[in-house]
There are 2 protein chains.
Amino acid sequence: MSAGRTTAVLVVGAIGMLTWSLLASADSGGTIAFPTEYRAWAHVKSVVVGPQSQAFATEAGIHHIYANDKALEGYRTGAFPDGSMVVYDLLETNEVPGNIIEGAQRRIDVMVKDSQRYRATGGWDFARSSPDNRTNGSIPADRKANRVACHSKSGDYGFSEFRK
Amino acid sequence: MSAGRTTAVLVVGAIGMLTWSLLASADSGGTIAFPTEYRAWAHVKSVVVGPQSQAFATEAGIHHIYANDKALEGYRTGAFPDGSMVVYDLLETNEVPGNIIEGAQRRIDVMVKDSQRYRATGGWDFARSSPDNRTNGSIPADRKANRVACHSKSGDYGFSEFRK
């Protein structure tokens with residue numbers, strides 16, 4: 001193994017086997033492996049979607065956005081490096097007198113950045129997982145096209161700004 | 001410097017200078033230094049406190065709970081090691097048609113664990129920071145007593161369970 005190859009392997013190790021397996025499976029099977037460690041990632045923001053929202057039919061509840069280390073760098077600099085992953089975690093809500101609290105998980109959407117592999121979709125791929133399938137996720141091509149159109153409205157496909 | 005001393009210094013380095021300075025300042029001045037890196041910590045949960053809530057007068061808005069690595073271990077195992085820090089980040093809310101979104105920050109409360117130093121208060125100390133004071137925080141003794149009484153109702157003073 002050359003020094004360069006060793007360095008590359010070490011860099012992959014530093015990014016995390018999670019990222020590596022995610023990209024690998026996206027490449028081979030059109031799905032994205034479930035990012036099992038996302039609950040320890042940085043929290044970008046949260047939104048509660050209520051009955052009066054246009055998005056209520058599909059997005060009802062509270063959603064949290066999480067970013068891995070590379071995506072966090074993207075939120076901070078405005079440019080998302082390859083390997084960036086962003087999770088949209090949608091939960092039901094429950095009301096206890098006057099308070100809205102988190103309920104059961106509804107689904108998870110994942111975005112992953114690879115500027116070359118996903119060149120046709122702005123450098124990002126998208127997948128969706130239901131709570132009962134935490135091994136991998138996929139998303140139909142038409143919905144993927146919608147997501148690309150939607151996210152491309154903001155800078156480098158990011159969801160939002162990162163609150164300091 | 002002895003090997004033991006070197007090891008101790010390295011361990012302090014691994015925990016993070018943030019924790020060290022926080023404990024040091026808590027020891028010397030009765031205040032806790034603002035944990036500037038908390039936005040990259042793990043997100044435990046969020047709650048929206050509305051007008052009908054008993055807590056509305058002081059807790060109106062959306063609050064997020066964040067845990068540093070040691071506190072995350074505590075949430076996962078049920079026992080919070082010394083050096084655990086938990087942040088309660090309270091934000092105003094704004095309504096855009098049908099959605100509740102995050103507004104300006106109202107304040108931050110910090111809990112820090114040191115089983116020996118804060119033995120009299122169950123091993124935890126508490127502090128409060130306003131958005132315009134991000135250098136350190138403190139909390140009056142009577143309010144601190146209330147917090148101890150309140151948090152001691154749950155296991156090892158934790159706020160809540162960590163959602164997987």
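Just so it is clear: chains get the letters A, B, ... in the order the sequence lines come, proteins before strands, and each one is counted from 1. Everything numeric in this text was worked out from a predicted model, so none of it was measured.
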| note | Looking only at A:Pro97, A:Ser53, A:Ala42, the option with the highest number of non-hydrogen pairs under 4.5 Å against chain B is A:Ser53

| query | Given a strict heavy-atom distance threshold of 4.5 Å, which part of B:Phe56 is in contact with chain A: side chain, backbone, both, or neither? | reply | neither

| Ring centres under 6.0 angstrom apart (B:Tyr66, B:Tyr88) | no

| request: Apply the test side-chain contact (heavy atoms from CB on, under 4.5 Å) to residues B:His43 and A:Arg39: give CA-CA distance (whole Å), side-chain angles for both, the deciding distance (0.1 Å), then the verdict. | output: CA-CA 7 Å; B:His43 166 244; A:Arg39 285 289 292 115; 4.0 Å; yes

| query | Between B:Glu95, B:Gln54, B:His64, B:Gln52, which residue shows the highest count of heavy-atom pairs closer than 4.5 Å to chain A? | reply | B:His64

| query | Looking only at atom types and distance, does a side-chain atom of B:Lys70 sit under 3.5 Å from a main-chain N or O of B:Gly83, one as donor and one as acceptor? | reply | no

| message | I'd like to verify something: which residue of A:Ile101, A:Asn99, A:Val96, A:Leu91 has the highest number of heavy-atom pairs under 4.5 Å with chain B? | response | A:Asn99

| said: At a heavy-atom distance under 4.5 Å, which candidate from A:Ser46, A:Pro51, A:Ala55, A:Ala67 has the highest pair count against chain B? | reply: A:Ser46

| Taking C-beta and beyond as the side chain, do B:Ile100 and A:Ile100 meet within less than 4.5 Å on heavy atoms? | yes

| message | Would you compute the distance between atom CG of B:Asp69 and atom OG of B:Ser84 and round it to the nearest 0.5 angstrom? | response | 10.0 Å

